[in-house]
Number of protein chains: 2
Amino acid sequence: MKKTTENIVFKDDSKQLARFAKALGHPTRIAILKHLEHQSCCFTGDLVDIFPLAQSTISQHLKELKDAGLIQGEVNPPKIKYCINKENWKTAKALFQGFFE
Amino acid sequence: MKKTTENIVFKDDSKQLARFAKALGHPTRIAILKHLEHQSCCFTGDLVDIFPLAQSTISQHLKELKDAGLIQGEVNPPKIKYCINKENWKTAKALFQGFFE
DNA sequence: ATAACCAATCGTACTTTTACGATTGGAAAT
DNA sequence: ATTTCCAATCGTAAAAGTACGATTGGTTAT
């Protein structure tokens with residue numbers, strides 16, 4: 001068996017914390033989340049206006065945040081409304097809090 | 001001018017937070033930091049024993065943590081003692097706390 | 001039906017990260 | 001002086017991340 005990080009047994013908490021941290025590890029994604037915290041929800045288009053980045057790039061960042069569980073999207077035709085995923089947000093907060101004790 | 005993230009103006013806090021988060025974005029580095037929190041300091045060799053990773057890989061992770069400012073190394077011949085950088089740790093803690101409010 | 005609109009996905013290029021073994025460098029011990 | 005030991009650095013390969021423009025898909029309006 002090839003020796004990769006996947007074969008190391010980490011505590012679930014460490015893995016989950018690293019997963020959240022990784023999602024937070026880009027200034028654009030921090031900015032997106034700060035924006036969402038501020039006004040609870042927003043549309044992809046809003047962000048495209050705010051950041052000088054291509055629509056596809058913003059979409060990619062949103063996907064990362066969604067995959068990490070930090071946000072969720074609701075269809076709100078013809079737009080998609082993104083909000084903080086409050087449950088996972090609480091989990092993340094607790095994990096970081098515990099980590100920094 | 002090429003349009004890259006570097007040309008976007010982020011708040012310093014967002015950049016710093018993303019920087020810390022990125023450093024925390026790998027389970028091995030989380031585990032290293034948890035280990036350091038536990039026993040305040042350790043040597044590279046200790047970690048090489050704990051993790052089934054090559055010495056050079058551990059060294060690389062330590063460098064990342066050092067570059068992000070989360071740890072610091074003191075020469076303690078013939079070994080090098082790594083400790084949490086308490087000042088920056090406090091900063092990181094405050095930034096994450098503020099972020100999750 | 002078709003046009004318009006928003007956002008996801010595809011294809012692509014480039015950079016960065018993660019891992020390894022091998023080598024180097026510096027300090028302590030023989 | 002030489003050997004030993006620890007840890008950093010180098011070189012390299014494979015995978016993941018970041019960005020773009022172009023395309024697709026699904027909804028609402030015309």
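These figures come from a predicted structure and were not determined experimentally.
Rounded to an integer number of Å, the gap from CD of A/Glu64 to P of D/dG17 is 6 Å. Here the P atom of nucleotide D/dA8 and the CG atom of B/Asp67 are 12 Å apart, to the nearest Å. In this structure, B/Phe51 places its CZ atom 18 Å from C1' of C/dC20, rounding to the nearest Å. Here the P atom of nucleotide D/dA8 and the NZ atom of B/Lys63 are 10 Å apart, to the nearest Å. Note: CD1 (A/Ile58) to C1' (C/dA8) measures 14 Å, nearest angstrom. We find that NE2 of B/His61 is positioned 13 Å from P of D/dA8, with the value rounded to whole Å. Regarding B/Leu24, its CG atom lies at a distance of 16 Å from the C1' atom of C/dT17, rounded to whole Å. With rounding to whole Å, A/Glu74 atom CD is found 18 Å from D/dG26 atom C1'.
For the pair A/Arg19/A/Asp67, a side-chain contact is recorded, criterion being any heavy-atom separation below 4.5 Å from C-beta on. Here the side chains of A/Leu47 and A/Leu62 are in contact, with some heavy-atom distance below 4.5 Å. Looking only at side-chain heavy atoms (C-beta outward), A/Lys34 and B/Asp13 come within less than 4.5 Å of each other.
Each of A/Gln55 and A/Arg29 was assigned the nucleotide of DNA chain D with the nearest heavy atom; the assignment lying further toward the 5' end belongs to A/Arg29. Both A/Lys66 and A/Gln60 lie close to DNA chain C; mapped to their nearest nucleotides by heavy-atom distance, the more 5′-ward contact belongs to A/Lys66.
One finds a side-chain N or O of B/Thr57 lying less than 4.0 angstrom from the OP1 or OP2 phosphate oxygen of C/dC20. Residue B/Tyr82 has a polar side-chain atom (N or O) positioned under 4.0 Å from OP1 or OP2 of D/dA8.
Residue B/Ile80 places its side chain closer to D/dA7 than to any other of D/dC20, D/dA7, C/dA8. Closest to the side chain of B/Ser56, out of C/dA8, D/dC10, D/dC20, is D/dC10. Comparing C/dT18, C/dG21, D/dC20 by their closest approach to the side chain of B/His26 singles out C/dT18.
Partners of B/Lys93 according to the side-chain contact (heavy atoms from CB on, under 4.5 Å) rule, which considers only residues two or more places apart in sequence or in another chain, are A/Phe100, B/Gln97. Here A/Phe99 pairs with B/Trp89 under the ring pair (Phe, Tyr, Trp, His ring centres under 6.0 Å) rule; sequence neighbours left out.
Contacts of A/Lys22 with the nucleic acid, taken as non-hydrogen atoms under 4.0 Å apart, involve only primed sugar atoms and P, OP1 or OP2.
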